[in-house]
There are 2 protein chains.
Amino acid sequence: MKVSTKGRYAVRVMLDLALHNTGEYIPLKEIAARQGITVKYLEQIIGMLNRAGFLQSLRGNNGGYRLTKAPEEYTIGSILRITEGDLRLTPCIEENGQECERSETCAAMSFWTGLDKVIADYVESYTLADLMKQAEDTNWDYYVI
Amino acid sequence: MKVSTKGRYAVRVMLDLALHNTGEYIPLKEIAARQGITVKYLEQIIGMLNRAGFLQSLRGNNGGYRLTKAPEEYTIGSILRITEGDLRLTPCIEENGQECERSETCAAMSFWTGLDKVIADYVESYTLADLMKQAEDTNWDYYVI
DNA sequence: AGAAAAACCTATTGAAATAGTAGGAATTCA
DNA sequence: TGAATTCCTACTATTTCAATAGGTTTTTCT
């Protein structure tokens, strides 16, 4: 019952791109250095974000990545869902909408679906812009973020 | 990012004990049959709940388990924590209170700790008594719970 | 006393998920 | 052409998960 490194790193990468956004493409090498994560591992993660349309990329020399939208438009939930998949803690309801066979008689069903809802509501309530604000409120740029 | 079967089964076992509570000891065999889970696997799970003081047990013929407290006194969170351990989704703060090395500069820290808090608040807000009510509101006793 | 029924204990196992590593192909720019 | 980059996908080691398994101990009933 943990968020994987992929999910956490995805948030860090997106935040890094948001904080260092100049309109130019930012090479993964720079992000990896700032974040202390290998380029190779980040390639996989940023690849998922890119294929989801969250980023624009440019190959070759001077290539890299940049955001396609304003930071306010990325909820943390949407970022996590790219790498973690569905964020539900229980398989009461599958992604295809199919319910657990016990659902008719399951007294815990509403507890679990309620739990999934508070999580979903929370992660949707935060955006990249909120995290940027957090970063700017602290002395983030004196450190390696 | 899923609650394990141990956690989910623990809730079902506790609810089963609460719904079938007569003051007598209930053998695991009965619970296992109702829940469709093997006795052997449930032994491990109920053992954890028992060692945590959530149950009274009696060995030997006519032995079994029963609750030690009133259903209102068991939060679902407390049950889940027995089998799942700490319910935090991220290792920002360890169980021993030690913080992640990045915590000083981590802009996502308050996001993650806030997420853990909404989860903790939610799971503490539900008790076994609430689930019993859910069970009784539906036609639970016509089915095998 | 003896048999049966239950809790109790802990090792083992197979499968899946996690957290990367690795090697190279394709693209772009200078 | 060469360097820097993205892009793609296979592989691997470790850990976690979900049980299974094989017993030992305790208690009650006959």
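Residue numbers begin at 1 in each chain, while the letters A, B, ... track the order of the sequences.
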Point to revise | Side-chain N,O (B:Tyr9) to OP1/OP2 (D:dA19) below 4.0 Å | key: yes

**Study point:** Separation of C:dA6 P from B:Ile31 CD1 (nearest whole Å)
**Key:** 12 Å

Check your understanding: Below 4.0 angstrom, N of the basic side chain to O of the carboxylate: do B:Asp16 and B:Arg12 qualify?
Key -> no

Check your understanding: Taking atom types as modelled, is there a side-chain donor on B:Gln134 or A:Ser110 under 3.5 Å from an acceptor on the other?
Key -> yes

Exercise for review: Check whether any side-chain N or O of B:Tyr122 sits under 3.5 Å from a backbone N or O of A:Phe111 as a donor-acceptor pair, and report yes or no.
Suggested key: yes

Any protein N or O atoms within reach of nucleotides 7-12 of chain D? Criterion: under 3.5 Å, listing atom names and distances.
{"from": "D:dC7", "atom 1": "OP1", "to": "A:Asn50", "atom 2": "ND2", "distance (Å)": "3.3"}
{"from": "D:dC7", "atom 1": "OP1", "to": "A:Ser57", "atom 2": "OG", "distance (Å)": "2.5"}
{"from": "D:dC7", "atom 1": "OP2", "to": "A:Asn50", "atom 2": "ND2", "distance (Å)": "2.9"}
{"from": "D:dC7", "atom 1": "OP2", "to": "A:Tyr65", "atom 2": "OH", "distance (Å)": "2.9"}
{"from": "D:dC7", "atom 1": "O4'", "to": "A:Arg59", "atom 2": "NH2", "distance (Å)": "3.2"}
{"from": "D:dC7", "atom 1": "N4", "to": "A:Glu43", "atom 2": "OE1", "distance (Å)": "2.8"}
{"from": "D:dC7", "atom 1": "N4", "to": "A:Glu43", "atom 2": "OE2", "distance (Å)": "2.7"}
{"from": "D:dC8", "atom 1": "N4", "to": "A:Glu43", "atom 2": "OE1", "distance (Å)": "3.1"}

Check your understanding: Which whole-number value in Å describes the distance from B:Leu42 CG to C:dA6 P?
Key -> 14 Å

Practice item. Take atom CG of A:Leu55 and atom C1' of D:dT5, then tell me their distance rounded to the nearest Å. Key: 15 Å

Practice item. Round to a whole Å and report the spacing from CD1 of B:Ile26 to C1' of C:dA6. Key: 14 Å

Exercise for review: Check every atom of C:dG20, D:dA19, D:dT5 against the side chain of A:Lys29 and return the nucleotide holding the closest atom.
Suggested key: D:dT5

Review point. Within the side chain of B:Arg66, is there an N or O that forms a donor-acceptor pair under 3.5 Å with the backbone of B:Glu24?
Key: no

Practice item. Let me know, please, whether B:Asn61 or A:Gly60 comes out on the 5' side of the other along DNA chain D by nearest nucleotide. Key: A:Gly60

Point to revise | Test: A:Arg81 and A:Asp86 ion pair at under 4.0 Å | key: no

Review point. Can any side-chain N or O of B:Ser103 pair as donor or acceptor with the backbone N or O of B:Glu99 at less than 3.5 Å?
Key: no

Review point. For A:Ile45 and C:dA19, what is the distance between atoms CD1 and P respectively, to the nearest whole Å?
Key: 10 Å

Point to revise | Spacing between A:Tyr25 atom OH and D:dT5 atom P, to the nearest angstrom | key: 15 Å

Table of protein N/O atoms under 3.5 Å from nucleotides 15-17 of chain D N/O atoms:
none

Point to revise | A:Asn50 and A:Phe54: CA distance, side-chain angles, deciding distance, side chain to side chain contact (heavy atoms under 4.5 Å, CB included) verdict | key: CA-CA 5 Å; A:Asn50 191 26; A:Phe54 279 35; over 6 Å; no

Practice item. Starting from P on C:dG20, measure out to CE on A:Met48 and report it in whole angstrom. Key: 15 Å

Check your understanding: Do B:Glu124 and B:Thr75 have side-chain N/O donor and acceptor atoms under 3.5 Å apart?
Key -> yes

Point to revise | Rounded interatomic separation in angstrom, taking CG from B:Leu17 and P from C:dA7 | key: 10 Å

Review point. Taking only N and O in the side chain of B:Asn62, is any of them less than 4.0 Å away from OP1 or OP2 of D:dC29?
Key: yes

Review point. Does the side chain of B:Glu84 come under 3.5 Å of the side chain of B:Ser4 through a donor N or O and an acceptor N or O?
Key: yes

